[in-house]
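Atom set for the values below is all heavy atoms of this structure, side chains included, hydrogens, waters and symmetry mates excluded. Per chain, numbering begins at 1; letters A, B, ... match sequence-line order.
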2 protein chains.
Amino acid sequence: MANLTDCIEEYLKKLLALSSERYVEVQRRQLAKKFACVPSQINYVLERRFSPDRGYLVESRRGGGGWIRIFRIETSHARPWREVIESLNGREFEPSRIRQLLKRMYEEKIISRRESSLLETVIKDRIYEEKGLSKNKARELQHELLSEALEELLKVNY
Amino acid sequence: MANLTDCIEEYLKKLLALSSERYVEVQRRQLAKKFACVPSQINYVLERRFSPDRGYLVESRRGGGGWIRIFRIETSHARPWREVIESLNGREFEPSRIRQLLKRMYEEKIISRRESSLLETVIKDRIYEEKGLSKNKARELQHELLSEALEELLKVNY
DNA sequence: TATATAAAGGTCAGAGATGGTCAGATGAAA
DNA sequence: TTTCATCTGACCATCTCTGACCTTTATATA
């Protein structure tokens, strides 16, 4: 195998495939020791090869008995929707337009009515105005919060 | 089980689950002896894993025949979650604390896992920092968005 | 009754054990 | 040569565990 990163990736994916759980659990130190590298190399592999984009979710805990868990997550049909919303630029990101999108997501059964109403809350101009934010700042925040929220939804299929 | 704290937590929760009372009673010394650790380790576990945030209440008595009682706090329907969150004042509104509350709401089946994860998005400091908001402003917005979102949930049926 | 002693539990600082981050070195490929 | 991916190491953040010292309560004894 060409390089460490590939080796570690392959190893972890094998573990994941063989595991009866929906995740694998490793210790950073141990894994680094196994591959004779510095611990931070593990973080590099996780970042590059087990990112959400690639369909993985990583959790960890520090301290004595710490661990790293890698989940394989289902990529649902929500992905294209998120991409649409993410790609909207400033002018296009208008609450009324977003509400329309959310409505369609609900109709397509991508999200529930309750989820839709939670997401609509995030794009309510009034809230940001009350806190004295400029229109631009508000738009940016709304955009970011919404993208992030949809991103989270993609992860929660397990 | 990786570490002592987890073991002791698991043990106590098992006791609690099996108990016919609404609390369990233990002795610090005995428990420490059972797990072959110093007594103060027990206090650590209680502090970290049986805090009010996590839905537990701990009482104790010193002296001969002393004891420690751990209660699971029932959710009071007299004080809805929305009100609890709304009533948090500045200092108390900390993302870590809110996350704990959301976790409990999920455990109590008030919200789904997906809804919980949507709501968690709203309290991610990083997003607000990236947009250049002050900590205070961010807190205010988080608080308002969360309250508003929970309010919306009340209005909507599945 | 007043006091001493024993038998609990509480607090806190610090050591130990993990994992995280980031800048920069190194290496591979275009 | 330039650029991008890989890899390292120093430094940081967080969680766990211990031990010394303190407070409270029950009980025995003067």
Whole angstrom value for the distance that separates [atom2] of [N] from [atom1] of [X]:
X	N	atom1	atom2	result
A:Leu46	C:dG19	CG	C1'	11 Å
A:Trp67	D:dC15	CH2	C1'	12 Å
A:Glu25	C:dT18	CD	P	13 Å
A:Ile42	D:dT6	CD1	P	14 Å
A:Gln30	C:dA17	CD	P	14 Å
B:Glu47	C:dC12	CD	C1'	10 Å
B:Lys33	D:dC17	NZ	C1'	20 Å
A:Arg28	D:dT14	CZ	C1'	12 Å

Which nucleotide, [options], lies nearest any side-chain atom of [X]?
X	options	value
A:Arg48	C:dT11, D:dA5, D:dC17	D:dA5
B:Ile68	C:dG10, D:dG9, C:dG19	C:dG10
A:Arg61	D:dC15, D:dG9, D:dA5	D:dC15
A:Arg29	C:dT11, C:dG19, D:dT8	C:dG19
A:Gln41	C:dA8, D:dT18, D:dC7	D:dC7
B:Asn3	D:dT16, D:dG19, D:dT8	D:dT16
A:Arg62	D:dT16, C:dT18, D:dT6	C:dT18
A:Leu4	D:dT25, D:dC7, D:dG9	D:dC7
A:Ser60	C:dG19, D:dC17, C:dG10	C:dG19

Item to check | Side-chain heavy-atom pair A:Leu31, A:Leu12 within 4.5 angstrom cut-off | outcome: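 A side-chain contact under 4.5 Å exists here.
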Next on the checklist: What I'd like to find out is whether the side chain of B:Arg104 reaches to under 4.5 Å of the side chain of B:Arg54, using heavy atoms alone.
Outcome noted: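 They are not in side-chain contact.
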Next on the checklist: Students often get this wrong, so: under 4.0 angstrom with heavy atoms, is A:Gly66 touching a base, only sugar-phosphate, or nothing?
Outcome noted: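 The answer is sugar-phosphate, as A:Gly66 gets under 4.0 Å only of primed atoms, P, OP1 or OP2.
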Checklist entry - Counting any heavy atom closer than 4.0 Å, what does B:Gly63 reach on the DNA or RNA strands: base, sugar-phosphate only, or nothing? => result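 Here B:Gly63 touches the bases of the nucleic acid.
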Does the side chain of [X] get closer than 4.0 angstrom to OP1 or OP2 of [N] through an N or O atom?
X	N	answer
A:Ser40	C:dG19	no
A:Tyr44	D:dC7	no
B:Arg69	C:dG9	no
B:Thr5	D:dC17	yes

Checklist entry - Salt bridge or not for A:Lys103 and A:Glu108, using N-O below 4.0 Å? => result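 Salt bridge absent between A:Lys103 and A:Glu108.
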Next on the checklist: Between A:Arg48 (side chain only) and A:Asn43 (backbone N and O only), is there a donor and an acceptor less than 3.5 Å apart?
Outcome noted: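 No, because the side chain of A:Arg48 does not come within donor-acceptor range (under 3.5 Å) of the backbone of A:Asn43.
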Item to check | Any donor-acceptor N/O pair, A:Arg113 side chain to A:Tyr106 backbone, under 3.5 Å | outcome: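 Between the backbone of A:Tyr106 and the side chain of A:Arg113 there is no qualifying donor-acceptor contact (under 3.5 Å).
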Checklist entry - Between B:Lys13 and B:Phe50, is NZ or CZ placed under 6.0 angstrom from the six-membered ring centre and within 45° of the ring axis? => result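 Verdict for B:Phe50: a cation-pi partner in B:Lys13.
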